[in-house]
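Everything on this sheet refers to the single structure shown next.
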Protein chains: 2
Amino acid sequence: MTITRAERRLRSERRILDAARALFADRGFERTTIRAVAAAAGVDPALVMQYFGSKQELFSRAVQAVPTKEGEPGEARDLAGRMLETLGMKLGGLSPASLAMLRSMLTHPEAADAARTALGGQIDRVGAELPGDDARLRAALATSVLLGVTVGHQLLGLDPLRDAPREEIDRLLRPALLALLGERE
Amino acid sequence: MTITRAERRLRSERRILDAARALFADRGFERTTIRAVAAAAGVDPALVMQYFGSKQELFSRAVQAVPTKEGEPGEARDLAGRMLETLGMKLGGLSPASLAMLRSMLTHPEAADAARTALGGQIDRVGAELPGDDARLRAALATSVLLGVTVGHQLLGLDPLRDAPREEIDRLLRPALLALLGERE
DNA sequence: GTCTATACATAGATAGAC
DNA sequence: GTCTATCTATGTATAGAC
(Lines give C-alpha, C1' and ligand atoms only; values in the text may rest on other atoms or scores of the structure.)
Protein backbone atom coordinates (compact mmCIF):
# COMPACT_ATOMS: atom_id res chain seq x y z
CA MET A 1 0.00 0.00 0.00
CA THR A 2 2.84 2.29 0.77
CA ILE A 3 4.24 1.63 -2.66
CA THR A 4 2.66 4.62 -4.29
CA ARG A 5 5.41 7.13 -3.83
CA ALA A 6 8.30 6.24 -6.09
CA GLU A 7 6.42 3.30 -7.51
CA ARG A 8 4.01 5.45 -9.46
CA ARG A 9 6.82 7.70 -10.54
CA LEU A 10 8.79 4.81 -12.02
CA ARG A 11 5.71 3.58 -13.79
CA SER A 12 5.15 6.96 -15.43
CA GLU A 13 8.79 7.28 -16.29
CA ARG A 14 8.74 3.92 -17.99
CA ARG A 15 5.64 4.76 -20.00
CA ILE A 16 7.24 8.02 -21.10
CA LEU A 17 10.42 6.27 -22.15
CA ASP A 18 8.54 3.63 -24.10
CA ALA A 19 6.52 6.26 -25.90
CA ALA A 20 9.62 8.33 -26.56
CA ARG A 21 11.50 5.38 -28.01
CA ALA A 22 8.64 4.55 -30.34
CA LEU A 23 8.30 8.10 -31.58
CA PHE A 24 12.03 8.73 -31.91
CA ALA A 25 12.32 5.46 -33.83
CA ASP A 26 9.44 6.40 -36.09
CA ARG A 27 10.13 10.06 -36.85
CA GLY A 28 13.58 10.85 -35.58
CA PHE A 29 14.71 13.38 -33.02
CA GLU A 30 13.71 16.63 -34.69
CA ARG A 31 10.19 15.69 -35.64
CA THR A 32 9.41 14.20 -32.25
CA THR A 33 7.91 16.72 -29.85
CA ILE A 34 7.70 16.55 -26.10
CA ARG A 35 3.99 17.14 -26.47
CA ALA A 36 3.57 14.10 -28.70
CA VAL A 37 5.56 11.93 -26.33
CA ALA A 38 3.48 13.10 -23.40
CA ALA A 39 0.25 12.48 -25.30
CA ALA A 40 1.34 8.98 -26.28
CA ALA A 41 2.31 8.22 -22.71
CA GLY A 42 -0.89 9.70 -21.34
CA VAL A 43 0.82 12.24 -19.15
CA ASP A 44 1.26 15.97 -19.07
CA PRO A 45 4.01 17.52 -21.20
CA ALA A 46 5.37 19.37 -18.19
CA LEU A 47 5.83 16.07 -16.42
CA VAL A 48 8.18 14.89 -19.12
CA MET A 49 10.32 17.95 -18.61
CA GLN A 50 10.10 17.50 -14.86
CA TYR A 51 11.46 13.97 -15.13
CA PHE A 52 14.06 14.37 -17.84
CA GLY A 53 14.98 18.02 -17.85
CA SER A 54 15.33 18.40 -21.59
CA LYS A 55 14.42 16.78 -24.85
CA GLN A 56 18.04 15.85 -25.42
CA GLU A 57 18.25 14.11 -22.08
CA LEU A 58 15.04 12.24 -22.82
CA PHE A 59 16.57 11.09 -26.08
CA SER A 60 19.76 9.96 -24.40
CA ARG A 61 17.85 7.95 -21.86
CA ALA A 62 15.53 6.49 -24.48
CA VAL A 63 18.42 5.38 -26.65
CA GLN A 64 20.29 3.64 -23.86
CA ALA A 65 19.71 0.06 -24.86
CA VAL A 66 19.33 -2.75 -22.46
CA PRO A 67 22.75 -4.24 -21.58
CA THR A 68 23.08 -5.47 -25.21
CA LYS A 69 23.56 -9.04 -23.93
CA GLU A 70 26.43 -10.01 -26.21
CA GLY A 71 25.84 -13.00 -28.43
CA GLU A 72 23.70 -15.04 -26.15
CA PRO A 73 21.36 -16.64 -28.62
CA GLY A 74 22.59 -18.87 -31.42
CA GLU A 75 25.57 -20.61 -29.92
CA ALA A 76 28.08 -18.48 -31.76
CA ARG A 77 29.50 -20.47 -34.62
CA ASP A 78 31.93 -18.79 -36.99
CA LEU A 79 32.36 -15.04 -37.19
CA ALA A 80 30.22 -14.55 -40.28
CA GLY A 81 27.51 -16.66 -38.72
CA ARG A 82 27.50 -14.57 -35.60
CA MET A 83 27.36 -11.34 -37.57
CA LEU A 84 24.45 -12.69 -39.55
CA GLU A 85 22.70 -13.71 -36.38
CA THR A 86 23.00 -10.16 -35.22
CA LEU A 87 21.50 -9.04 -38.50
CA GLY A 88 18.83 -11.72 -38.24
CA MET A 89 17.93 -10.32 -34.87
CA LYS A 90 17.99 -6.89 -36.41
CA LEU A 91 15.80 -7.78 -39.35
CA GLY A 92 13.34 -9.36 -37.01
CA GLY A 93 13.03 -7.23 -33.96
CA LEU A 94 15.67 -4.62 -33.62
CA SER A 95 15.12 -3.00 -30.26
CA PRO A 96 13.18 0.28 -30.24
CA ALA A 97 16.17 1.89 -28.60
CA SER A 98 18.47 0.87 -31.44
CA LEU A 99 15.92 1.88 -34.03
CA ALA A 100 15.63 5.28 -32.41
CA MET A 101 19.35 5.74 -32.57
CA LEU A 102 19.64 4.56 -36.16
CA ARG A 103 16.74 6.69 -37.31
CA SER A 104 18.41 9.86 -36.13
CA MET A 105 22.04 9.00 -36.73
CA LEU A 106 22.31 10.99 -39.96
CA THR A 107 20.74 14.19 -38.72
CA HIS A 108 21.22 14.42 -34.96
CA PRO A 109 24.80 14.88 -33.79
CA GLU A 110 24.23 13.07 -30.52
CA ALA A 111 22.75 10.08 -32.32
CA ALA A 112 25.61 10.14 -34.80
CA ASP A 113 28.08 9.89 -31.92
CA ALA A 114 26.17 7.01 -30.42
CA ALA A 115 26.09 5.24 -33.76
CA ARG A 116 29.79 5.75 -34.37
CA THR A 117 30.56 4.41 -30.94
CA ALA A 118 28.33 1.37 -31.32
CA LEU A 119 29.54 0.55 -34.82
CA GLY A 120 33.11 1.27 -33.85
CA GLY A 121 32.79 -1.24 -31.05
CA GLN A 122 31.55 -3.90 -33.40
CA ILE A 123 34.33 -3.08 -35.87
CA ASP A 124 36.91 -3.47 -33.11
CA ARG A 125 35.48 -6.77 -31.93
CA VAL A 126 35.25 -8.22 -35.41
CA GLY A 127 38.60 -6.82 -36.45
CA ALA A 128 40.28 -8.42 -33.45
CA GLU A 129 39.29 -11.84 -34.74
CA LEU A 130 40.67 -11.29 -38.21
CA PRO A 131 44.25 -11.73 -39.36
CA GLY A 132 46.17 -9.37 -41.57
CA ASP A 133 46.93 -5.70 -41.82
CA ASP A 134 43.57 -4.89 -43.31
CA ALA A 135 41.63 -6.55 -40.50
CA ARG A 136 40.04 -3.34 -39.32
CA LEU A 137 39.08 -2.28 -42.81
CA ARG A 138 37.52 -5.64 -43.53
CA ALA A 139 35.65 -5.45 -40.26
CA ALA A 140 34.46 -1.95 -41.05
CA LEU A 141 33.24 -3.00 -44.47
CA ALA A 142 31.45 -6.05 -43.10
CA THR A 143 29.81 -3.91 -40.46
CA SER A 144 28.81 -1.37 -43.08
CA VAL A 145 27.29 -4.12 -45.17
CA LEU A 146 25.06 -5.15 -42.31
CA LEU A 147 24.27 -1.52 -41.61
CA GLY A 148 23.21 -1.03 -45.21
CA VAL A 149 20.93 -4.04 -45.19
CA THR A 150 19.45 -2.99 -41.88
CA VAL A 151 18.82 0.53 -43.10
CA GLY A 152 17.34 -0.65 -46.37
CA HIS A 153 15.14 -3.16 -44.65
CA GLN A 154 14.11 -1.54 -41.40
CA LEU A 155 14.30 2.19 -41.97
CA LEU A 156 13.76 2.72 -45.68
CA GLY A 157 11.57 -0.28 -46.27
CA LEU A 158 12.94 -1.37 -49.63
CA ASP A 159 10.36 -3.74 -51.05
CA PRO A 160 12.57 -6.63 -52.16
CA LEU A 161 14.09 -6.79 -48.69
CA ARG A 162 10.74 -6.43 -46.98
CA ASP A 163 9.25 -9.25 -48.99
CA ALA A 164 12.10 -11.70 -48.60
CA PRO A 165 12.12 -14.26 -45.79
CA ARG A 166 14.92 -13.83 -43.33
CA GLU A 167 16.56 -17.14 -44.17
CA GLU A 168 16.76 -16.18 -47.82
CA ILE A 169 18.58 -12.97 -46.96
CA ASP A 170 20.85 -14.96 -44.70
CA ARG A 171 21.63 -17.46 -47.40
CA LEU A 172 22.52 -14.85 -50.01
CA LEU A 173 24.44 -12.62 -47.66
CA ARG A 174 26.61 -15.29 -46.12
CA PRO A 175 28.99 -15.87 -49.06
CA ALA A 176 29.42 -12.14 -49.46
CA LEU A 177 30.27 -11.74 -45.82
CA LEU A 178 32.67 -14.67 -45.94
CA ALA A 179 34.41 -13.13 -48.91
CA LEU A 180 34.69 -9.85 -47.07
CA LEU A 181 36.07 -11.40 -43.91
CA GLY A 182 38.65 -13.24 -45.96
CA GLU A 183 37.49 -16.63 -44.77
CA ARG A 184 37.26 -19.66 -46.98
CA GLU A 185 34.02 -21.57 -47.13
CA MET B 1 23.98 45.13 -71.24
CA THR B 2 20.32 44.32 -71.30
CA ILE B 3 21.09 40.97 -69.72
CA THR B 4 20.45 42.07 -66.17
CA ARG B 5 16.79 41.17 -65.89
CA ALA B 6 16.49 37.39 -65.75
CA GLU B 7 20.23 36.94 -65.83
CA ARG B 8 20.76 38.27 -62.37
CA ARG B 9 17.79 36.33 -61.13
CA LEU B 10 19.22 33.05 -62.41
CA ARG B 11 22.52 33.84 -60.84
CA SER B 12 20.94 34.42 -57.43
CA GLU B 13 18.81 31.34 -57.81
CA ARG B 14 21.85 29.26 -58.53
CA ARG B 15 23.73 30.62 -55.54
CA ILE B 16 20.77 29.88 -53.32
CA LEU B 17 20.48 26.33 -54.64
CA ASP B 18 24.16 25.68 -54.14
CA ALA B 19 24.03 26.97 -50.59
CA ALA B 20 20.88 24.98 -49.89
CA ARG B 21 22.40 21.76 -51.20
CA ALA B 22 25.48 22.22 -49.04
CA LEU B 23 23.47 22.90 -45.92
CA PHE B 24 20.91 20.16 -46.51
CA ALA B 25 23.76 17.74 -47.15
CA ASP B 26 25.52 18.82 -43.99
CA ARG B 27 22.69 19.06 -41.47
CA GLY B 28 19.61 17.56 -43.10
CA PHE B 29 16.25 19.07 -43.82
CA GLU B 30 15.02 19.87 -40.34
CA ARG B 31 18.11 21.60 -39.05
CA THR B 32 18.56 23.69 -42.16
CA THR B 33 16.83 27.04 -41.96
CA ILE B 34 15.81 29.36 -44.74
CA ARG B 35 17.69 32.04 -42.94
CA ALA B 36 20.91 30.07 -42.90
CA VAL B 37 20.57 29.28 -46.59
CA ALA B 38 20.02 32.93 -47.36
CA ALA B 39 22.99 33.98 -45.27
CA ALA B 40 25.25 31.44 -46.96
CA ALA B 41 24.07 32.59 -50.37
CA GLY B 42 24.45 36.23 -49.43
CA VAL B 43 20.84 37.12 -50.13
CA ASP B 44 17.82 38.10 -48.12
CA PRO B 45 15.74 35.32 -46.55
CA ALA B 46 12.60 36.74 -48.11
CA LEU B 47 14.18 36.34 -51.50
CA VAL B 48 14.50 32.63 -50.98
CA MET B 49 10.80 32.41 -50.26
CA GLN B 50 10.07 34.64 -53.23
CA TYR B 51 11.92 32.29 -55.54
CA PHE B 52 10.96 28.90 -54.17
CA GLY B 53 7.73 29.46 -52.29
CA SER B 54 8.46 27.10 -49.44
CA LYS B 55 11.26 25.27 -47.71
CA GLN B 56 9.97 21.98 -49.02
CA GLU B 57 10.03 23.24 -52.60
CA LEU B 58 13.56 24.53 -52.09
CA PHE B 59 14.55 21.09 -50.88
CA SER B 60 12.94 19.37 -53.85
CA ARG B 61 14.71 21.64 -56.28
CA ALA B 62 18.02 21.30 -54.45
CA VAL B 63 17.83 17.52 -54.47
CA GLN B 64 17.07 17.24 -58.16
CA ALA B 65 20.36 15.90 -59.37
CA VAL B 66 21.83 16.68 -62.69
CA PRO B 67 20.56 14.19 -65.32
CA THR B 68 22.49 11.41 -63.52
CA LYS B 69 24.40 10.68 -66.73
CA GLU B 70 24.22 6.90 -66.56
CA GLY B 71 27.53 5.08 -66.47
CA GLU B 72 29.51 7.37 -68.69
CA PRO B 73 32.90 7.16 -67.06
CA GLY B 74 34.73 3.88 -66.72
CA GLU B 75 33.77 2.01 -69.85
CA ALA B 76 31.37 -0.26 -68.03
CA ARG B 77 32.94 -3.65 -67.60
CA ASP B 78 31.09 -6.31 -65.67
CA LEU B 79 28.15 -5.55 -63.44
CA ALA B 80 30.08 -5.67 -60.19
CA GLY B 81 32.70 -3.43 -61.69
CA ARG B 82 30.13 -0.89 -62.71
CA MET B 83 28.48 -0.93 -59.31
CA LEU B 84 31.84 -0.40 -57.68
CA GLU B 85 32.57 2.44 -60.03
CA THR B 86 29.38 4.06 -58.88
CA LEU B 87 30.52 3.59 -55.33
CA GLY B 88 33.98 4.82 -56.23
CA MET B 89 32.39 7.94 -57.55
CA LYS B 90 30.35 8.10 -54.40
CA LEU B 91 33.30 7.67 -52.08
CA GLY B 92 35.12 10.36 -53.96
CA GLY B 93 32.70 13.06 -54.84
CA LEU B 94 29.11 12.14 -54.39
CA SER B 95 27.14 15.07 -55.72
CA PRO B 96 25.87 17.55 -53.14
CA ALA B 97 22.37 16.86 -54.39
CA SER B 98 22.70 13.15 -53.66
CA LEU B 99 24.33 13.82 -50.33
CA ALA B 100 21.47 16.10 -49.39
CA MET B 101 18.97 13.41 -50.22
CA LEU B 102 20.86 10.69 -48.38
CA ARG B 103 21.37 12.83 -45.32
CA SER B 104 17.67 13.35 -44.85
CA MET B 105 16.34 10.04 -46.10
CA LEU B 106 15.79 8.58 -42.65
CA THR B 107 13.95 11.51 -41.15
CA HIS B 108 12.28 13.48 -43.92
CA PRO B 109 9.40 11.68 -45.70
CA GLU B 110 10.00 13.45 -48.98
CA ALA B 111 13.66 12.49 -48.95
CA ALA B 112 12.74 8.93 -48.03
CA ASP B 113 10.53 8.72 -51.10
CA ALA B 114 13.27 10.10 -53.29
CA ALA B 115 15.74 7.60 -51.85
CA ARG B 116 13.38 4.67 -52.30
CA THR B 117 12.78 5.70 -55.89
CA ALA B 118 16.46 6.15 -56.67
CA LEU B 119 17.52 2.92 -54.98
CA GLY B 120 14.55 1.08 -56.44
CA GLY B 121 15.66 2.16 -59.89
CA GLN B 122 19.13 0.84 -59.32
CA ILE B 123 17.73 -2.41 -57.95
CA ASP B 124 15.59 -2.82 -61.05
CA ARG B 125 18.46 -2.10 -63.42
CA VAL B 126 20.82 -4.46 -61.65
CA GLY B 127 18.16 -7.11 -61.17
CA ALA B 128 17.36 -7.07 -64.86
CA GLU B 129 20.88 -8.21 -65.61
CA LEU B 130 20.83 -11.10 -63.21
CA PRO B 131 19.43 -14.58 -63.80
CA GLY B 132 17.28 -16.55 -61.42
CA ASP B 133 14.21 -16.08 -59.30
CA ASP B 134 16.10 -14.22 -56.62
CA ALA B 135 17.54 -11.65 -59.03
CA ARG B 136 15.72 -8.75 -57.46
CA LEU B 137 16.65 -9.77 -53.96
CA ARG B 138 20.28 -10.14 -54.92
CA ALA B 139 20.16 -6.75 -56.58
CA ALA B 140 18.54 -5.22 -53.53
CA LEU B 141 21.17 -6.69 -51.24
CA ALA B 142 24.01 -5.54 -53.46
CA THR B 143 22.51 -2.06 -53.58
CA SER B 144 22.11 -2.07 -49.81
CA VAL B 145 25.72 -3.08 -49.42
CA LEU B 146 26.85 -0.06 -51.39
CA LEU B 147 24.40 2.10 -49.49
CA GLY B 148 25.85 0.90 -46.21
CA VAL B 149 29.41 1.61 -47.25
CA THR B 150 28.41 5.02 -48.58
CA VAL B 151 26.58 5.89 -45.38
CA GLY B 152 29.41 4.63 -43.20
CA HIS B 153 32.01 6.48 -45.20
CA GLN B 154 30.34 9.70 -46.29
CA LEU B 155 27.66 10.41 -43.74
CA LEU B 156 28.80 8.78 -40.53
CA GLY B 157 32.51 9.08 -41.15
CA LEU B 158 33.63 5.72 -39.77
CA ASP B 159 37.36 6.02 -39.28
CA PRO B 160 38.57 2.81 -40.90
CA LEU B 161 36.65 3.69 -44.06
CA ARG B 162 37.77 7.30 -43.98
CA ASP B 163 41.40 6.31 -43.68
CA ALA B 164 41.41 3.65 -46.37
CA PRO B 165 42.36 4.49 -49.94
CA ARG B 166 39.58 4.02 -52.42
CA GLU B 167 41.33 1.25 -54.31
CA GLU B 168 41.71 -0.76 -51.14
CA ILE B 169 38.00 -0.57 -50.47
CA ASP B 170 37.37 -1.53 -54.06
CA ARG B 171 39.64 -4.51 -53.83
CA LEU B 172 38.07 -5.89 -50.66
CA LEU B 173 34.52 -5.18 -51.69
CA ARG B 174 34.69 -6.71 -55.14
CA PRO B 175 34.68 -10.39 -54.12
CA ALA B 176 31.82 -9.76 -51.74
CA LEU B 177 29.81 -8.09 -54.45
CA LEU B 178 30.59 -10.86 -56.90
CA ALA B 179 29.42 -13.43 -54.40
CA LEU B 180 26.23 -11.50 -53.88
CA LEU B 181 25.51 -11.14 -57.57
CA GLY B 182 26.04 -14.84 -58.02
CA GLU B 183 28.80 -14.37 -60.52
CA ARG B 184 31.91 -16.45 -60.67
CA GLU B 185 35.25 -14.78 -60.63
C1' DG C 1 3.72 15.16 -7.15
C1' DT C 2 0.91 16.54 -11.02
C1' DC C 3 -1.16 19.91 -14.08
C1' DT C 4 -2.42 24.95 -15.82
C1' DA C 5 -0.77 28.76 -17.69
C1' DT C 6 2.64 31.11 -19.77
C1' DA C 7 7.17 32.88 -20.96
C1' DC C 8 10.56 32.79 -24.48
C1' DA C 9 12.82 31.55 -28.64
C1' DT C 10 12.94 30.05 -33.29
C1' DA C 11 11.57 29.84 -37.79
C1' DG C 12 8.39 29.72 -41.75
C1' DA C 13 5.74 32.74 -44.28
C1' DT C 14 3.67 37.41 -45.84
C1' DA C 15 2.82 42.40 -46.75
C1' DG C 16 4.42 46.41 -48.18
C1' DA C 17 8.19 49.97 -48.64
C1' DC C 18 12.02 51.25 -51.54
C1' DG D 1 13.38 43.04 -58.12
C1' DT D 2 15.18 43.28 -53.44
C1' DC D 3 14.84 44.12 -48.54
C1' DT D 4 12.46 45.71 -43.83
C1' DA D 5 9.27 44.61 -40.76
C1' DT D 6 6.04 41.68 -39.01
C1' DC D 7 2.66 38.01 -38.39
C1' DT D 8 1.85 33.55 -36.86
C1' DA D 9 2.68 29.01 -35.41
C1' DT D 10 5.17 25.72 -33.03
C1' DG D 11 7.68 23.92 -29.44
C1' DT D 12 10.95 23.97 -25.44
C1' DA D 13 11.12 25.27 -21.00
C1' DT D 14 9.53 27.37 -16.50
C1' DA D 15 6.75 29.24 -12.62
C1' DG D 16 3.28 28.67 -9.80
C1' DA D 17 -1.44 26.81 -8.54
C1' DC D 18 -3.79 22.74 -6.87
Side-chain angles (χ1 to χ4, degrees), chain A residues 1-24 26-63 100 103-104 107-111, chain B residues 1-24 26-63 100 103-104 107-111:
Chain A
M1 304 90 172
T2 57
I3 40 161
T4 348
R5 20 179 172 272
E7 176 69 19
R8 189 171 164 73
R9 149 110 194 196
L10 280 180
R11 201 176 294 254
S12 290
E13 197 169 304
R14 195 185 184 80
R15 289 230 314 286
I16 292 171
L17 277 176
D18 286 343
R21 267 189 278 264
L23 285 170
F24 282 136
D26 186 53
R27 322 159 150 41
F29 182 83
E30 320 289 339
R31 297 179 100 90
T32 298
T33 66
I34 298 278
R35 294 180 205 277
V37 170
V43 302
D44 192 275
L47 201 62
V48 178
M49 295 301 301
Q50 172 76 5
Y51 285 173
F52 297 94
S54 73
K55 182 183 175 181
Q56 174 53 48
E57 187 60 26
L58 173 62
F59 180 79
S60 298
R61 292 279 308 278
V63 161
R103 174 70 70 188
S104 295
T107 43
H108 186 53
E110 196 88 6
Chain B
M1 305 91 172
T2 57
I3 39 160
T4 348
R5 20 178 171 274
E7 176 68 17
R8 189 169 164 75
R9 148 107 194 199
L10 281 179
R11 202 177 293 256
S12 289
E13 197 170 303
R14 194 183 186 80
R15 288 232 314 286
I16 292 170
L17 276 176
D18 285 343
R21 266 189 278 264
L23 285 170
F24 282 136
D26 186 52
R27 322 158 151 40
F29 181 83
E30 320 289 339
R31 297 178 101 90
T32 298
T33 66
I34 297 279
R35 292 159 140 89
V37 170
V43 302
D44 193 274
L47 202 62
V48 178
M49 295 301 300
Q50 172 77 4
Y51 286 172
F52 297 95
S54 73
K55 182 182 176 181
Q56 172 54 49
E57 187 59 26
L58 173 63
F59 181 79
S60 298
R61 292 280 307 279
V63 160
R103 174 70 70 190
S104 295
T107 43
H108 186 51
E110 195 89 5

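By convention in this document, chain letters (A, B, ...) are assigned in the order of the sequence lines, proteins followed by strands, and residues within each chain are numbered from 1.
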Q. D:dT12 P sits how many Å from A:F59 CZ, rounded?
A. 14 Å

(Q) With heavy-atom distances below 4.5 Å as the criterion, would you say the side chains of B:S12 and B:Q50 are in contact? (A) no

Q. In whole Å, what is the span from the CD atom of B:Q56 to the C1' atom of C:dA13?
A. 15 Å

Q: State the CG-CZ distance between B:L23 and B:R31, to the nearest 0.5 angstrom.
A: 13.0 Å

(Q) Which label fits B:F29 and B:H108: parallel for a plane angle under 30°, tilted from 30 to 60°, or perpendicular past 60°? (A) parallel

Q. To the nearest angstrom, how far is A:E57 atom CD from D:dT14 atom P?
A. 13 Å

Q: Measure from CG on B:L58 to P on C:dA11 and round the result to the nearest Å.
A: 15 Å

Q. Can you check the B:R11 CZ to D:dG1 P distance for me, whole Å?
A. 16 Å

Q. Has the side chain of A:R35 got a donor or acceptor that lies under 3.5 Å from a partner of the other kind on the base of D:dT10?
A. no

Q. Listed in order of residue number, which residues of residues 42-53 of chain B have a non-hydrogen atom at under 4.0 Å from DNA chain D?
A. B:D44, B:A46, B:L47, B:Y51

Q: Among A:R9, A:R14, A:E7, A:E13, find the one that has a side chain to side chain contact (heavy atoms under 4.5 Å, CB included) with A:R11.
A: A:E7

Q) Are B:R61 and B:E57 close enough for a salt bridge, meaning some N to O gap below 4.0 Å? A) no

Q | Nearest-angstrom distance from the residue atom CD1 of A:I34 to P of C:dC8 | A | 20 Å

(Q) Can you confirm whether A:I16 sits close enough to A:F52 that some side-chain heavy atom of one is under 4.5 Å from a side-chain heavy atom of the other? (A) yes

(Q) So that I can tick it off, tell me whether B:R15 and B:D18 are bridged by a salt bridge, with the cut-off set at under 4.0 angstrom between side-chain N and carboxylate O. (A) no

Q: Answer yes or no: is there a side-chain heavy-atom contact under 4.5 Å between A:L58 and A:L17?
A: yes

**Q.** Spacing of B:K55 atom NZ relative to C:dT10 atom P, expressed in whole Å
**A.** 15 Å

**Q.** d(CZ, B:R31; C1', D:dT12) in whole Å
**A.** 14 Å

Q: Check for a donor-acceptor pair, side chain of B:R21 on one end and backbone N or O of B:A62 on the other, with a separation under 3.5 Å.
A: yes

Q. Donor-acceptor pair under 3.5 Å: do we get one between B:R8's side chain and the base of D:dG1?
A. no

Q: Pull out every residue in residues 12-19 of chain B that has a heavy atom closer than 4.0 Å to any atom of DNA chain C, ordered by number, or say none.
A: none

